[in-house]
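Each residue takes its place number in the sequence, starting with 1.
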Amino acid sequence: MKKVFLFLLLAAFPLRAQASESAAALYNEGNRLWKEGNYSVAAGKYEEARLLGVRDARLEYNLGCAEARLGDVGRARLAFERAARLDPGDEDVRHNLGVLRKSVPGEQEPLEGGAFETLRSAYGRLSLGLIAAGMAAAWGLFWIAWGGLLLVRGPRMRAFLGVLRLIAGLLLAGLTGIFYSRRHHLSRPVAVVVESGGVRAGPDPMEREIHSVAAGRLVETGETAGAWVEVRVEGEFEGWLPQDQVESVGP
């Protein structure tokens, strides 16, 4: 398998408070093993912590680093994608994910530079919590301006409060649109191909192969049929893969 070279900086910070003591112990043990170069066992410890229900960007990031060291592009991509969903603004996660994408055969290259790419990158950094906080602030500002208009009599101050109310209203409307757009984007059933294979025309190994997909590709999933799942990449292919070759990124 093609070796992946990434900026692999271990996130050695403790897990957040909701992590159980056993999960935290597994995470810390994984960090120790990673620093000793025992990446395989470290990845196992991180995965055990995940199975205890921990959803933490640091844990996913470290798991991705360990899998990348082992040359497992598919599972490294899966972990980095999960980390990016949990903390979309983390620059280390975004960097490693960007480098990893370039190593995946068939992956579409993102546009470089330009206003559109700048906006797309900024949009990708927004978490739903951050957008919701902005909506709450705009909502509060709107009602402060509205209340001020009921109390203030000076024409200049009333004009200022009127403009402030308009800006707050527009900001609230814009953020609301971004919030629902982002939520829709994150709710798509997205998965990572963890094992290279042939996409079949139907959910049967005897169906003709319509496309060859490499480990590490990000796909959307659809219906399931027995041990098969429908996968697609818009404008490229749509077919079926065995479910054990695909793993969901999750909410």
Side-chain angles (χ1 to χ4, degrees), residues 7 9 11 13-19 54-61 64 77 79-102 107-192 218-220 233-235 248-251:
F7 173 67
L9 176 64
F13 302 106
L15 291 179
R16 293 185 175 87
Q18 70 265 29
V54 176
R55 296 295 176 264
D56 189 280
R58 300 178 184 91
L59 174 62
E60 298 290 357
Y61 173 76
R77 173 79 183 268
F80 286 140
E81 288 286 352
R82 286 172 172 168
R85 287 202 167 204
L86 291 166
D87 189 357
D90 189 293
E91 290 301 327
D92 289 339
V93 173
R94 292 176 66 84
H95 174 84
N96 279 12
L97 191 52
V99 174
L100 189 66
R101 285 177 183 144
K102 295 178 180 178
E107 185 79 7
Q108 294 181 351
E109 290 288 336
L111 297 175
E112 298 292 340
F116 177 79
E117 175 57 20
T118 300
L119 289 173
R120 190 196 66 80
S121 179
Y123 176 79
R125 287 178 168 83
L126 295 175
S127 67
L128 292 180
L130 182 61
I131 301 170
M135 291 167 62
W139 180 256
L141 190 61
F142 178 86
W143 285 106
I144 289 172
W146 186 287
L149 285 170
L150 297 177
L151 298 174
V152 173
R153 293 291 178 263
R156 289 186 178 179
M157 182 57 70
R158 286 183 62 84
F160 170 76
L161 290 172
V163 172
L164 185 62
R165 182 180 64 176
L166 176 63
I167 292 173
L170 292 173
L171 184 60
L172 178 60
L175 287 173
T176 300
I178 293 173
F179 179 87
Y180 284 104
S181 171
R182 187 77 175 135
R183 190 172 73 168
H184 174 73
H185 176 78
L186 292 174
S187 67
R188 295 178 305 145
V190 177
V192 172
L218 195 68
V219 297
E220 287 192 43
V233 172
E234 188 175 353
S248 172
V249 173

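Separating the CG atom in Asp92 from the CZ atom in Arg58 is a distance of 12.0 Å, to the nearest 0.5 Å. Note: Leu170 CG to Phe142 CZ = 10.0 Å, rounded to the nearest 0.5 Å. Distance check: Leu218 CG to Arg101 CZ gives 8.0 Å after rounding to the nearest 0.5 Å.
The main-chain N or O of Ser248 is found under 3.5 Å from a side-chain atom of Arg82 such that the two form a donor-acceptor pair. Arg85 places a side-chain N or O within 3.5 Å of a backbone atom of Gly250 that can act as its donor or acceptor partner.
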* What's the verdict on side-chain contact (heavy atoms from CB on, under 4.5 Å) for Arg153 and Arg158, showing C-alpha distance, side-chain angles and the deciding distance? -> CA-CA 7 Å; Arg153 293 291 178 263; Arg158 286 183 62 84; 4.2 Å; yes
* side-chain contact (heavy atoms from CB on, under 4.5 Å) assessment of Val152 paired with Leu161 -> CA-CA 9 Å; Val152 173; Leu161 290 172; 4.0 Å; yes
* **Leu141 vs Arg165, side-chain contact (heavy atoms from CB on, under 4.5 Å): CA-CA, chis, key distance, verdict** => CA-CA 7 Å; Leu141 190 61; Arg165 182 180 64 176; over 6 Å; no
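The local environment of CD in Glu234 is sparse, with at most 12 non-hydrogen atoms from other residues, nucleotides or ligands closer than 6.0 Å. Counting non-hydrogen atoms of other residues, nucleotides and ligands closer than 6.0 Å to CZ of Phe179 gives a total above 12.
In terms of heavy atoms, Phe80 sits closest to Asn96 at CZ-ND2, 3.5 Å. Here the shortest heavy-atom pairing between Asp90 and Val93 reads OD1-N, 2.9 Å. Summarising the geometry of Ala57 relative to Ala83, their closest heavy-atom pair is O-CB, 3.7 Å, with the distance given to 0.1 Å. Nearest heavy-atom pair, Leu149 versus Gly162, reported as atom, atom and distance to 0.1 Å: CD2-N, 4.0 Å.
With sequence neighbours excluded, no residue forms a side chain to side chain contact (heavy atoms under 4.5 Å, CB included) with Ile144. Listed by chain and number, the residues in a side chain to side chain contact (heavy atoms under 4.5 Å, CB included) with Leu172 are Met135, Ala138, Trp139, Thr176 (sequence neighbours excluded).
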